[in-house]
Number of protein chains: 2
Amino acid sequence: MAAPTEALEALIRKLVSTSALTEEERQAIRRLPATIRHINPSQDLVEDGERPSHCGLLVEGWSYRYKLLDEGRRQILSFHVAGDTPDLQSLHLGTLDHGVGALTPCTFALIPHEHLRRLTAAFPNVAALLWRETLVDAGIFRTWITSMGRRLAYGRIAHLFCELYLRQEAVGLAADLRCPMPLRQTDLADATGLTTVHISRVLKALRDDNLITFERRQLVVHDWQRLYDAAEFDPTYLHLHSFTR
Amino acid sequence: MAAPTEALEALIRKLVSTSALTEEERQAIRRLPATIRHINPSQDLVEDGERPSHCGLLVEGWSYRYKLLDEGRRQILSFHVAGDTPDLQSLHLGTLDHGVGALTPCTFALIPHEHLRRLTAAFPNVAALLWRETLVDAGIFRTWITSMGRRLAYGRIAHLFCELYLRQEAVGLAADLRCPMPLRQTDLADATGLTTVHISRVLKALRDDNLITFERRQLVVHDWQRLYDAAEFDPTYLHLHSFTR
DNA sequence: CGCCCATTTGAAAAATTTCAAACGTAGTGG
DNA sequence: CCACTACGTTTGAAATTTTTCAAATGGGCG
């Protein structure tokens with residue numbers, strides 16, 4: 001993996017999962033000039049306040065959006081897996097209002113704004129699909145707001161696990177109630193608005209209740225129904241197509 | 001106010017504030033068939049789970065997005081003033097993952113998806129500007145997540161007031177540190193993830209500290225700098241153009 | 001005037017944080 | 001192979017923030 005063309009094929013597969021693309025549209029996507037960039041944990045793809053000239057398509061690894069406040073406070077805004085485009089909005093917003101960091105070693109395919117703009121101007125259908133990606137993103141933000149505002153820590157964490165499992169399942173990265181979960185408790189804390197101490201306690205409760213366990217950085221769901229109930233989960237917001245579970 | 005054509009002129013003005021529109025593009029927007037709909041508080045423009053066939057352009061009044069959970073819990077996701085399009089994302093997502101309600105009596109101009117799709121297919125520049133609207137929305141969601149996750153009640157409420165003042169100022173609805181603020185304490189509570197009791201106490205603290213007061217459903221900011229500091233406000237996320245304050 | 005609704009206040013309870021220390025584990029270098 | 005270190009996790013106890021419950025207050029309006 002990692003050749004630019006393969007990254008673009010993955011993008012095509014992702015877009016096609018929503019709506020068909022003509023051969024002409026596929027060709028145009030394949031012609032996008034993409035360069036590969038590797039990012040290590042503790043490095044950023046882009047920083048808060050930057051005005052990027054490229055969009056990054058995540059090819060491999062986990063990345064996350066975040067904002068920093070005073071006194072080392074950090075808020076994680078979203079997690080990203082292969083196929084995601086965590087700074088796609090820079091195409092139309094110019095200045096980034098958050099950073100994008102790497103949780104694990106990441107491979108990104110960088111696509112110049114200029115070419116994306118040309119592509120979307122020529123192919124409204126492709127534009128609509130990329131637009132849609134950013135709209136799903138916004139739906140996830142809305143759901144996180146709801147979680148943080150109206151769920152206790154237990155349900156909030158359960159909800160995040162449901163989301164991350166289903167999103168990975170949808171792109172073939174998870175199956176059998178088992179999925180990669182490289183987050184540290186610090187990351188969970190900064191994503192849910194809690195402290196690591198409390199995360200530790202609530203994870204213990206989730207384990208004691210036999211909903212989940214961890215095995216070598218993998219989440220194992222032991223009782224999907226009860227996890228789902230604890231989270232008051234409603235998958236509508238993920239806007240996945242073939243929804244089975 | 002309220003004739004469909006005037007609503008569309010307002011939309012044009014809003015879009016133009018970001019990037020110029022050609023005369024042809026303006027004409028195409030003016031040709032959109034819009035129908036007017038009035039919504040009273042306690043009524044919804046659209047409900048969670050619906051598959052709308054129109055997008056609503058808010059012409060007058062305040063509306064809000066929200067989600068409901070068990071036991072009467074409600075989370076407000078955003079507030080909207082004239083010029084906003086709180087269900088624009090339905091154009092590409094199909095199923096709504098939240099409801100849109102009216103805080104005050106509202107006037108909406110309803111534009112059929114079908115015509116919006118035709119417009120955006122024909123005019124990529126217009127598509128980009130509408131896309132951008134949804135991206136600013138997402139930026140606001142990100143900031144709310146940060147507020148809810150990493151700010152105490154005092155700063156969270158201060159932050160919301162900063163945002164609502166600046167957004168109204170940007171579209172000419174506010175000036176002189178004074179703006180309409182029709183929210184009840186219940187709405188503030190459901191927007192910030194707090195309870196009305198706590199909202200009441202924190203508002204008292206904000207008043208006692210001489211940051212703000214209310215006069216006939218208007219917010220009056222007495223000390224912008226200190227409100228701003230209490231909120232740890234950074235206006236980047238609003239992606240406003242002529243930013244003065 | 002009386003009623004409805006929103007707001008305020010008080011006191012106790014709950015959720016979560018803070019601070020501090022202990023524990024575990026996976027590398028690194030001797 | 002062991003000691004050492006770094007980092008992440010766990011645990012305990014006290015403090016803080018916020019909620020809950022309950023009652024009182026206040027304003028607007030028919």
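Order of the sequence lines sets the chain letters (A, B, ...), proteins ahead of strands, with each chain counted from 1. Just so we're clear, the structure is a prediction, and the values are computed from it rather than from any experiment.
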Please work out which of the three classes, parallel, tilted or perpendicular, describes the rings of B/W144 and B/F79, given edges at 30° and 60°.
tilted
DNA chain D: A/R150 or A/I199, which has the more 5' nearest nucleotide?
A/I199
Verdict with supporting geometry, B/R74 and B/D187, salt bridge (charged side-chain N to carboxylate O under 4.0 Å, His left out):
CA-CA 9 Å; B/R74 178 179 70 152; B/D187 304 314; 3.0 Å; yes
Hey, which sits more toward the 5' end of DNA chain C by its nearest nucleotide, A/T196 or B/T196?
B/T196
Any base atoms under 4.0 Å from B/L203, or only sugar-phosphate, or nothing? Heavy atoms, all strands.
nothing
Looking at B/D209 and B/R226, does any basic side-chain N land under 4.0 Å from a carboxylate oxygen?
no
Just to confirm, is there a sub-4.0 Å distance from OP1 or OP2 of C/dA11 to any side-chain nitrogen or oxygen of B/R201?
no
In plain terms, say whether B/R150 and A/D190 are close enough for a salt bridge, that is, a side-chain N and a carboxylate O under 4.0 Å apart.
yes
Should the pair B/E232-A/R73 be classified as a salt bridge under the 4.0 Å nitrogen-to-oxygen rule?
yes
Rounded distance (Å) that lies between atom C1' of C/dT25 and atom CZ of A/R216:
16 Å
Set out, in order, the CA-CA distance, both residues' side-chain angles and the distance that settles side chain to side chain contact (heavy atoms under 4.5 Å, CB included) for B/F108 and B/H54, then state yes or no.
CA-CA 11 Å; B/F108 281 96; B/H54 296 68; over 6 Å; no
Check this for me, if you would: do A/D84 and A/R167 make a salt bridge, where the nitrogen-to-carboxylate-oxygen distance has to be below 4.0 angstrom?
yes
To the nearest Å, how far apart are B/R207 CZ and C/dT7 P?
10 Å
From NE2 of B/H198 over to C1' of C/dA14, roughly how many Å is that when rounded to an integer?
14 Å
Show the numbers, then the answer: is there a side chain to side chain contact (heavy atoms under 4.5 Å, CB included) between A/L166 and A/L238?
CA-CA 9 Å; A/L166 289 179; A/L238 292 172; 4.0 Å; yes
Report which part of the nucleic acid B/R73 touches: base, sugar-phosphate, or nothing (heavy-atom distance under 4.0 Å, all strands).
nothing
Can you measure B/M148 atom CE to C/dT16 atom C1' for me and round it to whole angstrom units?
15 Å
Using the heavy-atom set of chain A and a strict 4.0 Å cut-off, write down the first and last nucleotide of DNA chain D that makes it in, 5' to 3'.
D/dG8 to D/dA13
Between C/dT8 atom C1' and B/R184 atom CZ, what is the distance in whole Å?
15 Å
What is the distance from CZ of A/R156 to C1' of C/dT17, rounded to the nearest Å?
13 Å
Could you work out how much the helix from C/dC1-D/dG30 to C/dG30-D/dC1 bends, comparing the axis of its first five pairs with that of its last five, to 10°?
30°
Angle class for the B/F233/B/H159 ring planes (parallel below 30°, perpendicular above 60°, tilted otherwise)?
tilted
